[in-house]
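For this chain, numbers begin at 1 and follow the sequence in order. These numbers come from the heavy atoms of this one structure, side chains and all, not from hydrogens, waters or symmetry mates.
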Amino acid sequence: QVQLVQSGGGLVQAGDSLRLSCAASGRTFSSYAMGWFRRAPGKERELVAGISRSGDNAYYASSVQGRFTISRDNAKNTVYLQMNSLNPEDTAVYYCNIPVPPFRPWGQGTQVTVSS
């Protein structure tokens, strides 16, 4: 099965941008639709973006639509999340995974902190 490692988080100011990366191991990466999730303190984990196997179709939560862009490079076994116009409400731990259950192990994710 695919193993996933997220990176690219950090501490930024409101209005800044970040690009998250999800590196996958395994020989069947292109067989999976992928998604980015986040979990803010005191809140449930939510799906913020998803992308089809080929990368031709994407979907977004209303809270990030117009600001975030999901993409993938199957040749590099990598999924990206470009985050623009960040605000403090985007502060969360971000994870990549398949967009529907059963999920793969979540791991530690990558922390995104946006200051006012």
A.B. asks: Are Y80 and V12 co-members of a hydrophobic cluster defined by side-chain heavy atoms under 4.5 Å apart?
C.D. replies: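 No: no chain of side-chain contacts under 4.5 Å links V12 to Y80.
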
A.B. asks: Got a second to check how far R19's CZ is from T69's OG1, nearest 0.5 Å?
C.D. replies: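 Between atom CZ of R19 and atom OG1 of T69 there are 11.5 Å.
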
A.B. asks: Would a hydrophobic clustering, with Ile, Leu, Val, Met, Phe, Trp and Tyr connected at side-chain separations under 4.5 Å, put L81 with L11?
C.D. replies: no

A.B. asks: To check you understand the geometry: which heavy-atom pair defines the closest contact between N74 and S30, and what is its length?
C.D. replies: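 The answer is ND2-CB, 3.8 Å.
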
A.B. asks: Flag yes if more than 12 heavy atoms outside E89 fall under 6.0 Å of its CD atom; otherwise flag no.
C.D. replies: no

A.B. asks: According to a hydrophobic-cluster definition based on side-chain heavy atoms being under 4.5 Å apart (Ile, Leu, Val, Met, Phe, Trp, Tyr only), do Y94 and V5 belong together?
C.D. replies: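 Per the 4.5 Å side-chain linkage, Y94 and V5 are not co-clustered.
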
A.B. asks: Mind listing the closest non-hydrogen atom pair of R72 and S52 along with its distance?
C.D. replies: NH1-O, 2.9 Å

A.B. asks: Any idea which heavy atoms bring S31 and R53 closest together, and the distance?
C.D. replies: O-CD, 3.1 Å

A.B. asks: Could you tell me whether the side chain of T91 and the main chain of V114 form a donor-acceptor pair under 3.5 Å?
C.D. replies: yes

A.B. asks: Going from SG on C96 to CD1 on I70, what distance comes out if it is rounded to the nearest 0.5 angstrom?
C.D. replies: 9.0 Å

A.B. asks: So, the side chain of N77 versus the backbone of S25: is there a donor-acceptor pair under 3.5 Å, distance only?
C.D. replies: no

A.B. asks: Look at the side-chain heavy atoms of Ile, Leu, Val, Met, Phe, Trp and Tyr, link any pair under 4.5 Å apart, and say whether V64 and M83 land in one connected group.
C.D. replies: yes

A.B. asks: Any idea which heavy atoms bring L4 and C22 closest together, and the distance?
C.D. replies: CD2-SG, 3.8 Å

A.B. asks: As a test of understanding, state which of Y60, Y95, F37 forms a side-chain contact (heavy atoms from CB on, under 4.5 Å) with L47.
C.D. replies: F37

A.B. asks: Rounded to the nearest 0.5 Å, how far does CZ of R39 lie from CD of E44?
C.D. replies: 7.5 Å

A.B. asks: For R67 and S85, indicate whether the former's side chain and the latter's backbone hold a donor-acceptor pair under 3.5 Å.
C.D. replies: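 At least one qualifying donor-acceptor pair exists.
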
A.B. asks: Kindly compute the distance separating CD (Q82) from CG (L20), expressed to the nearest 0.5 Å.
C.D. replies: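 Here the rounded value is 8.5 Å.
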
A.B. asks: Specify the closest pair of heavy atoms between S63 and R38, including all atoms of both residues, with the distance to one decimal.
C.D. replies: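 In this case the closest contact between S63 and R38 is OG-NH2, 3.4 Å.
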
A.B. asks: Ring of W106, cation from R45 - is the NZ or CZ under 6.0 Å from the centre and inside 45° of the axis?
C.D. replies: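 So R45 does make the cation-pi contact.
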
A.B. asks: Please report the shortest heavy-atom distance between Q6 and T110, naming the atom on each side.
C.D. replies: CB-CG2, 4.0 Å

